Amino acid sequence: MTRLFRRWIARAVLSLSIVAATVSASYGEDKVVRIGYQKYGKLVLLKSKGSLEEKLKAVGTKVVWTEFPSGPPLLEALNVGAIDFGNTGEAPPIFAQAAGAPIQYVAYEPPAPKGEAILVPKDSAIKSVADLKGKKVALNKGSNVHYLLVKALEKAGVKYSEIEPVFLAPADARAAFERGAVDAWVIWDPFQAAAEAATGARTVADGTGIVANYQFYFASKKFLQADPKIVELVLAQLSEVDDWAKGDIHAVAEQLAPSIGLSVPVVEVALKRQAYGIKPVTDAVVADQQQVADTFFALGLIPKQIKISDVAWRPGT
């Protein structure tokens, strides 16, 4: 028993020594900004370009990148403090704010309504959104396409309760779509462009005349309050990448294609449907986003009403 007790003490001392050494080694190290990104978009380009690392190094800050399959898990990571900055479409932040996540809108990209669509198989009998009544529709729950589906159905006079939503991540939804387990799939680029090219999928409706399809950039409230200048620096670097991207879409497609596993022509199609220009959040954009929130609350998709203006940040404030 004495020997066991001594071993336990030895292990405890060793553990404390390791912790102390770790704390000592990390003391005085550079600050860190943790960025969440998805497989496609401006943050991917910023990561591959490497310019952000250089700018941050000059102000004593490092960057850690983490990839996510879609917007909802990215914002959940921001909610629990695993990342400090990221971007998603218009629907994920609605669900995140309603759940109490400490998000702050810090910038947006202009509308890109053609960058998301309701797809059906090429030989499907479905010709319009109205034909979706009683059908199984695959989508990523809480993503930007969730709002597209809601508003497209509303415009066609079909109640949301009259379709059968099948909540699947993009890869699983693609598989279900190809084997005929669902009748339609609501998806965004570049998955949209890839499905069109590989399966001949037809577009029943995209966001044109229905939804804006904004892309938003977010920071956690805690990080923004602690380091607003770092957030402004990241946004400035994003703007530089954005300017380069819109000026040479083919070169961007060539750079992105290998990392996302798609052909250059497919990526080019997706990039041409994307919007360009990283802009500060405006009152008009807040009002548009408030409509999304109010629609989801009316449908019972979020548990309480929220005010987007409460979490919209203006540079310099």
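Quick caveat, the model's predicted, so the values are computed rather than measured. Numbers here are sequence positions counted from 1.
- In this structure, Leu43 and Leu238 approach most closely via the heavy-atom pair CD2-CD2, 3.8 Å.
- Applying the side-chain hydrogen bond (donor to acceptor under 3.5 Å, both in side chains) test to pairs two or more places apart or on separate chains, those with a residue in residues 218-227 are Lys31-Asp227.
- More than 12 heavy atoms of other residues, nucleotides or ligands sit less than 6.0 Å from atom NZ of Lys127.
- With sequence neighbours excluded, the residues forming a salt bridge (Lys or Arg N to Asp or Glu O under 4.0 Å) with Asp242 are Lys42, listed by chain and number.
- Among residues at least two apart or in separate chains, salt bridge (charged side-chain N to carboxylate O under 4.0 Å, His left out) pairs with a member in residues 191-206 are Lys114-Asp206, Glu196-Arg273.
- Evaluation of the salt bridge (Lys or Arg N to Asp or Glu O under 4.0 Å) rule for Lys122 yields no partner, not counting sequence neighbours.
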What donor-acceptor contacts under 3.5 angstrom involve side-chain atoms of residues 63-79, with partners at least two apart or in another chain?
{"from": "Trp65", "atom 1": "NE1", "to": "Glu53", "atom 2": "OE2", "distance (Å)": "2.9"}
{"from": "Glu67", "atom 1": "OE2", "to": "Lys39", "atom 2": "NZ", "distance (Å)": "3.4"}

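- Under the salt bridge (Lys or Arg N to Asp or Glu O under 4.0 Å) criterion, Lys151 pairs with Glu154, not counting sequence neighbours.
- Listed by first and then second residue, the salt bridge (charged side-chain N to carboxylate O under 4.0 Å, His left out) pairs involving residues 133-147 are Lys133-Glu162 (not counting sequence neighbours).
- The side-chain hydrogen bond (donor to acceptor under 3.5 Å, both in side chains) check on Tyr105 picks up Gln289, with sequence neighbours excluded.
- Aromatic ring pairs are classed by plane angle as parallel below 30°, tilted from 30° to 60° and perpendicular above 60°; the pair Trp188 and Phe191 is perpendicular.
- Every salt bridge (Lys or Arg N to Asp or Glu O under 4.0 Å) that Asp283 has, sequence neighbours left out, goes to Arg314.
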Side chains of residues 245-258: which donor-acceptor partners sit under 3.5 Å, not counting sequence neighbours?
{"from": "Asp248", "atom 1": "OD1", "to": "Ala251", "atom 2": "N", "distance (Å)": "3.2"}
{"from": "His250", "atom 1": "ND1", "to": "Glu268", "atom 2": "OE1", "distance (Å)": "3.0"}
{"from": "His250", "atom 1": "NE2", "to": "Glu254", "atom 2": "OE2", "distance (Å)": "3.2"}
{"from": "Gln255", "atom 1": "NE2", "to": "Ser48", "atom 2": "OG", "distance (Å)": "2.5"}

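- No side-chain donor from either of Asn144 and Glu90 sits under 3.5 Å from a side-chain acceptor of the other.
- Gln274 is linked by a side-chain hydrogen bond (donor to acceptor under 3.5 Å, both in side chains) to Tyr40, counting only residues two or more places apart in sequence or in another chain.
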Under 3.5 Å, sequence neighbours excluded: what are the donor-acceptor pairs made by side chains of residues 294-308?
{"from": "Asp294", "atom 1": "OD1", "to": "Gln290", "atom 2": "NE2", "distance (Å)": "3.0"}
{"from": "Thr295", "atom 1": "OG1", "to": "Gln291", "atom 2": "O", "distance (Å)": "2.8"}

